[in-house]
Amino acid sequence: MSDQQEQQQQQQQQPNGEAPVAQDVAQVNGEEKVDDQPEAVTLPPVTIRFPSPTCSRTVPKSKDSSEPRDRLTIYPQPTETIQDIKLLINDWVGAYWLGPYSLRLAFVKGDDGRGKVYTKKEDLSEVRAGEKLNEWFEIQDVFGHLEDDAERSLEVVREPYGEFTARQSVIRLLELIAPIGTTANTTSTSIALQAGSTIFESVRDGVLSSSSSGETQYEEVEVSLPSGRKGKGGKKELVKVKRAISDDKSHAFSNWKAEQQSSSLTSSFKLGELPFSQKPLEVSPCLRSIQISPFNPPPPHLRQLGHQLYLQIALLEGETVTVICTTRGWYVSKSNVNNFDPSPKQENPQTTHSLIDLLHSISPLFSERLSKLSPLSIEPPSLDPISTVAIPQAEPAYPWLANVPKPATSAEILRTQLAFLHTGAYGADSVDAARDWNEEIQGIRELPRGSMQERVFREKMLQKVWSEFDQAAVRAVQTVCRGDIPAINPSEDPKAHMFLQSNIFITQGDSDALNSYGHLGGDAAMTISHGKDAAGVKLLNKLDVEGLYMLGHTIVDWQGKRWICQSILPGIFSNRRKDEDDEEAAPAAATEDGEGQKKEDWVKVGESEADKSAEIESPSEEQQGETENPMMIYGIDSEKQTSIHWDKSTHKLLEQIGQSQRLASHKVKNGKGEEFEFYASAEVKGLKGTDGRKYLLDAQRLSPVDIEWLDKDYEKSSDHPQYPHRLALLRPELLETFWESELKRWARGEADKAQAKKDESAKEEASKEAGPSTTTASTTEKSEGEAESATETSQVEAPKEEQSPAAEAAAAHRAEEEKPLDASVVGDIKQFDLRFNPDAFVDQIPSKDADDEKAFLPSSINDESEPSTKAVRDASVFLRSIAIPAVVLDVLTGNTSGLMDGASLTKHLHGRGINMRYLGHLASTIKQFSAGPDGEERKETGHLAALKAIVIQEMIFRASKHILRSLISGLQPETITYAISHYLNCLLGTSFNSSPSATFNAIGLSDREDEPAYTKITPESLRKQIIEEVEIRFRWSIDESFFEESLKKKQLLRELAVRFGFQLAQRDYIFDKDEDLSASVTEEDKSAKQNKDKKSKKNKVPAQQRVNTFEGEDILTLVPVVKSTAPSVTVAEEILEAGRNTINRGSIDLGLEFMLEALQLYENIHSVIHPEVASVYNQYSQAIHQLARLKIQQVAQQEGSDPEQPLGLDISTALRLQRQAITVSERTLGVYHHETAGYYFNLAMLENLEGNAQQALRYFRHVLKLWDVIHGPNHPEINTVLSNAGVVLQAINETSLALTLQQQAYESTLSLFGETHIQTGQSLHQLTQSHFLAGDMTSALSTSEKAYNTFVARLGEEHQQTKEVKKNVDLLKAVLDNVEKQKERNEQIKKDSQERLKAARERIQSGSLGNAGSTSASRRLGQTLNNASNGGGVRIVDPATLAAAAAAAGHPIDANGQVSAGAPGTQTENGAPVAEGSNVGTRGTENLEDLVKFIQGQQAPNNANNARRGKNALRGKRRTGAKR
């Protein structure tokens, strides 16, 4: 990134003065503190001066004299407060030890004898010299009296202790000596095991598979210091961090085998070997123990002397001391464990103001151990702080497989005393009242929101209180489930019991004991209703209409029950209002309404006569309903359906909701026939609390009814049974999609009308100027020409896919919607009005005295000639006919990715507005899309096959979840574990044991304990029940063979554990008897190895062989599943969306700045460790990656450009944020979560872009593991990962391994898609490159030709990709032609040489040696030719002939008979060395055998010479001694 961009990034500052982009996290005083990035200095530096500690060991001496420990220089922002400055101070090495203190300006005497007054604010607060500064003062106000260049300094002044500050000092000490994420922390409690664990650093360092026996090796790397303190110039400090490194430096695919990603259904991973967490940091304890002394509380007479708290501390030196905190500080008393003596132990009593300073002075071992911890340690931490600090505002992820801690727990007295440390309550009588959640939430809602700073602060506080409410709701539900809290209505049906705990109102959400939902489906309808109600509250929280209030609302599913947790509506438990109070309130309300009407006359509400009459009649209605619900002011009374309450001011507020949600105003009649106007459904109720606020309840009816489902899929038919309930509603996302679709259709209609009108006028003008026949002909020719060109274009660009009629129809609709539209010819968009009536088709409750036995009455609002009612029907039709096919089309064309499991499918469908009850319809649509061109049925392939497998698996999961919930509801906790294990055996363990038996241990407190229902289920009955449940809920039939042939058992086990909420013991569960054999062998081998290594000779008791796959002890604990109503952060969302739009318009730098600013706001509001923050990190990094790829393509297309030129993008920041995104995602969503897998893949691509091939390969390898765990084998996107990994391997010259991966990707793609699919062509195209780089030109040409044929068939010859593949084919052909020609040339040379050799032999045989002149010599020559074994023949060779013969054999020699320089004279053609004893080439006469063997490349025998050669003789060298 350029310096200018860097400076712009540094100048960005959050609205409320919080730290800017990409902050690291440190644990400070139990809160999240964010560390500042380098930022532009907007204020002069501020120097803070500190007092000196009593003990010299408390503050380590600085190695650098330029960094004194008695003062700190910081560079604050103008809007930072004194509290923010104190948070920075608390984590600095020179001030970590401080007790309670304040910050003050240096004393300057004023006129009144006190400190001089510098600033007097509007709220009458003063900035006075030498006096304590208010912690909420902003720095710009504190130093507002100084000039810009004046020196600014603050002094740290110790403050006296109170009980609260004494308790805070103990908590601060615990944070220092026992940080979270270390072995020293023994006070943390969690609702499940291994909360918020992460394995990213192990994956990054490649140490996941390292042997546990060897010690982990570390290397030091530089990272940003996450400590919250600032260095010189306000720049973030860089420190070295220890990082574990793998034993070998080889890449992650070194041990890859082609069969590792098997094509079978079963995944290759073992559950017992999956990593879920990193080992906590080993930290040596600084103290043996610390606890609140049993002598507390101080007696009154000692409290009068200033005693605040007694602390009992066991030092490492072996001494146990009782430390007393007084107003002045801490000192060691003479007390022992049994006797209390408050007198000081030392002869010269002197209190030490800081508890930490005192411990340094009395325990040298404490100083030694503490010096190894942050912030004193000079050694870098081995784990990044973001992976260990506490998660402040998000629910931590709990792994679905966990190890049982050994020992199960540790002795820690302080764990039971934490409540006192935080509250100061010694007994029940001194416990303060629980938090008033409702007042907190509504009070924060009423905070100002006029400026950006106010909005950010308000949203931050709202997110914080919602998170704390969720946590409190979980604790309250667990208390209620354990039976610790009595019901507030004990006399009623237990299913209708209500509870009050911690000011949270708790009710059961799955039992319709009062028959409120009898007309809709009873318990099933009630469960759905509460889920939709929570979704409606979340929507209203996001809309955040001023003047409307929602209760705190959370749903907790735990142990088979659904619990609804709400804050208490003020006045809900109070007595009925008195008549006189009503009479007094009525005139006031009328006056208020009158004033409101005067102020808001311009609001078009209630203008009709009917509305006016409604306003007049409204008070009488309220008077009538007074006996039913005195708080209700708006909507239908649940207790009396004919009674309608209506309030004008509430109606105006709901109009704003109606405008945003596109709800139509409509009339509803009461029992008297009077009409009232509503925007939302009349069932959405408005209540006025005793605090005067107006609350909305029953928000599920904000969405209209899915009438098509009720008409076509609710009733029982020959194919399917009746649907469980009639509460089928449309999702808000669908209404938005439908509205946009209709807007486009309306705009196209308007454009067509305008164009037709324009053409008509043009035609009339043309007819006046020219003859009608000519004009008509030319127009016709023109239109025909346009049609021909359009046809040609479509033939060139459109793929010639053989699609089913359903796919073609969906594609045609998509193409029609995406046609470019001339906005100039479209009229005012305000003319388009499409609204929905939420009361349309809503079933009515029949009257009690009705004779009809029907459970419900049809809606009175069903006239589809009314536009808003018809819009509800049209949206319902749109869902079936357009929305669902669009999802399948996007998957088919590859526009949708990342669908790995049921959770990702659910999120995707909900985002598209599709309810999960349509899974059966989705499966049917997939089947239709897989049909042939003529509609004939075909088996699904490729993406559609993978999608259908996920859809069916999700249907089975949801059916299983419903059945399991009903089985364990009401059971004792210890019985639930046996129920779940037996259920899993019947569902997943039948291949190992086809008839598992249930275990039930009766409590034994009653003689009439009936066996629960789970003991009666069998694999056969369970499968039958699941099939029936799928038919009822999803209108889809599953064949029973699917459970054995196609069910992915490990993946279903993971989904059940994560989404139902239980943790399993981590071990290798045996799903098949074949696995049992291999597993038993493995265990024996392990046992033998362990016994061999151990010195103990005791024989171990062999492990008992399991009868079932799962046992009761395998279910460790049940985890609450929380559905929060906290919305997303609107202020940050707006800026993030603005950044995306700005980038799309071409302003890349400005858009990225917007995204960074939004990212800062997310960090500020959510405190970094939150899934929303991880998502924004990922979005920013993805944007950087996509922009980088675009720039690389642009550079490649420019002629003469430098490929190494910088891209102008901050890829290093994107990498850092992406790494943080993974850590945050693993800790809040899960290590094996589909979003985590997506983040890993994006990080691998970024690392490859930056040139970090080794890191990219590690992440690709881990992504493959994640796919195997989450989805299993046989998914097209796995091949994408393999192909990308192959490309990276090619970059590091691992061509053979890259070819293996590409070949595997191709074979998998071929099996999934078939030979003729475009995806197979793409895979062939990649494989071509691998063959080419491996040097196998023939295979490269073969694969390239296959790819070309596929592209021609699918895309046509004129498509760009087809042309590219054609170039590859031509290039490879040219290369192979050159190779063939070279081969032919070599063959010709060899042939010519052979002919010359033959000619030489003929010359020899024909007596060309007649110059010898000896008959005897000729005779001897003839004998030698006839019998080559006779070595007596000698001849005289012509040097020219010898040279030709030698050249033919590949041993060129010159005319003098010497071997040519530079020729391989010492080797034969096949590389064998010439015999040292051969005399060829040294003289003109030679034995004929030597000559022939020399020419043929053989060694001439020379036994005498060979016998004399030793093993150290020269080899491969000429006898002249020339170099090799």
Side-chain angles (χ1 to χ4, degrees), residues 180-183 185 188 190-212 216 244 267-282 382-384 386-391 394-406 408 900-901 903 1050-1069 1110 1113-1119 1121 1169 1171 1174 1219 1221-1240 1258-1259 1261-1272:
I180 293 178
T182 64
T183 55
N185 185 278
S188 299
S190 179
I191 60 175
L193 300 173
Q194 298 177 8
S197 55
T198 174
I199 62 171
F200 169 70
E201 288 174 290
S202 298
V203 175
R204 177 197 65 195
D205 303 331
V207 295
L208 274 182
S209 58
S210 61
S211 174
S212 58
T216 306
S267 297
S268 58
F269 68 92
K270 291 184 178 180
L271 294 176
E273 298 176 358
L274 289 180
F276 279 92
S277 63
Q278 299 170 151
K279 291 182 179 180
L281 290 174
E282 292 287 341
S382 56
L383 292 177
D384 289 340
I386 198 173
S387 65
T388 57
V389 298
I391 302 175
E395 185 72 15
Y398 300 98
W400 55 283
L401 294 176
N403 293 313
V404 181
K406 295 179 181 179
M900 306 172 70
D901 59 351
K1050 292 180 182 179
Q1051 284 72 25
L1052 182 57
L1053 175 65
R1054 186 192 70 86
E1055 294 241 34
L1056 276 170
V1058 171
R1059 297 168 65 186
F1060 186 84
F1062 58 84
Q1063 284 183 311
L1064 291 156
Q1066 185 167 14
R1067 55 180 296 274
D1068 288 329
Y1069 292 98
F1110 301 93
E1113 59 268 19
D1114 293 332
I1115 313 300
L1116 300 180
T1117 184
L1118 270 72
V1119 184
V1121 178
I1169 307 179
R1219 293 174 190 135
I1222 291 175
T1223 302
V1224 173
S1225 177
E1226 286 185 338
R1227 299 194 66 197
T1228 57
L1229 297 175
V1231 172
Y1232 297 95
H1233 190 272
H1234 63 271
E1235 289 189 23
T1236 306
Y1239 295 168
Y1240 266 111
R1258 283 176 184 170
Y1259 298 137
R1261 184 71 183 265
H1262 188 63
V1263 169
L1264 291 172
K1265 169 68 76 176
L1266 292 176
W1267 269 100
D1268 201 25
V1269 173
I1270 298 172
H1271 175 272

Under 30°, 30 to 60°, or over 60°: which ring-plane class applies to His1262 and Tyr1232, parallel, tilted or perpendicular?
tilted
Distance, nearest 0.5 Å, that separates CZ of Phe269 from CG of Leu1264
13.5 Å
Would Val1231 and Leu274 count as a side-chain contact (heavy atoms from CB on, under 4.5 Å) here? Give the steps.
CA-CA 10 Å; Val1231 172; Leu274 289 180; over 6 Å; no
I need the minimum non-hydrogen distance between Val389 and Ile180, along with the two atoms involved.
C-CG2, 4.4 Å
Closest heavy-atom contact between Ser1225 and Thr1236?
OG-OG1, 2.8 Å
What is the distance from atom OG of Ser202 to atom CZ of Arg1258, rounded to the nearest 0.5 Å?
11.0 Å
Please confirm whether the backbone N or O of Phe200 pairs with a side-chain atom of Arg1219, one donor and one acceptor, at under 3.5 Å?
no
Compute whether any side-chain donor of one residue and acceptor of the other, for Glu201 and Ser387, lie under 3.5 angstrom apart.
yes
Between NZ on residue Lys270 and CG on residue Asp1068, distance to nearest 0.5 Å:
6.0 Å
Atom pair CD1 (Ile1169) and CD1 (Ile386), whose distance is rounded to the nearest 0.5 Å
5.5 Å
In this structure, OG1 of Thr388 is separated from CD of Gln278 (nearest 0.5 Å) by 9.5 Å
So, do Ile1115 and Leu1064 sit near enough that their side-chain heavy atoms are less than 4.5 Å apart?
yes
What residues form a salt bridge (Lys or Arg N to Asp or Glu O under 4.0 Å) with Glu1235, not counting sequence neighbours?
Lys907
Just wondering, do Ile191 and Glu395 contact through their side chains at under 4.5 Å, heavy atoms?
yes
Please step through side-chain contact (heavy atoms from CB on, under 4.5 Å) for the pair Thr1117 and Tyr398, ending with a clear verdict.
CA-CA 11 Å; Thr1117 184; Tyr398 300 98; over 6 Å; no
Taking NZ, NE, NH1 and NH2 as the nitrogens, is one of them in Arg204 or Asp384 under 4.0 Å from a carboxylate oxygen of the other?
yes
Does Tyr1069 have Arg1067 sitting over its ring (NZ/CZ under 6.0 Å from centre, angle to axis within 45°)?
yes
Tightest non-hydrogen contact, residues Ala397 and Gly1230, listed as CB-N, 3.4 Å
Do Gln1051 and Asp901 pass the side-chain contact (heavy atoms from CB on, under 4.5 Å) test, and can you show the C-alpha distance, the side-chain angles, and the key distance before you say yes or no?
CA-CA 8 Å; Gln1051 284 72 25; Asp901 59 351; over 6 Å; no
Testing the basics here: between Pro399 and Leu193, what is the closest heavy-atom pair and its distance to 0.1 Å?
CD-O, 3.6 Å
Could you go through the side-chain contact (heavy atoms from CB on, under 4.5 Å) check for Leu271 and Gln1066 one step at a time?
CA-CA 7 Å; Leu271 294 176; Gln1066 185 167 14; 5.8 Å; no
Closest non-hydrogen atom pair between Met900 and Trp1267, with its separation
CG-CH2, 3.4 Å
Exercise: identify the closest heavy-atom pair between Trp400 and Arg1054:
CE2-CG, 3.2 Å
Backbone of Ala192 reached by a side-chain donor or acceptor of Gln1063 within 3.5 Å:
no
What distance separates Leu401 CG from Leu1053 CG, expressed to the nearest 0.5 Å?
7.0 Å
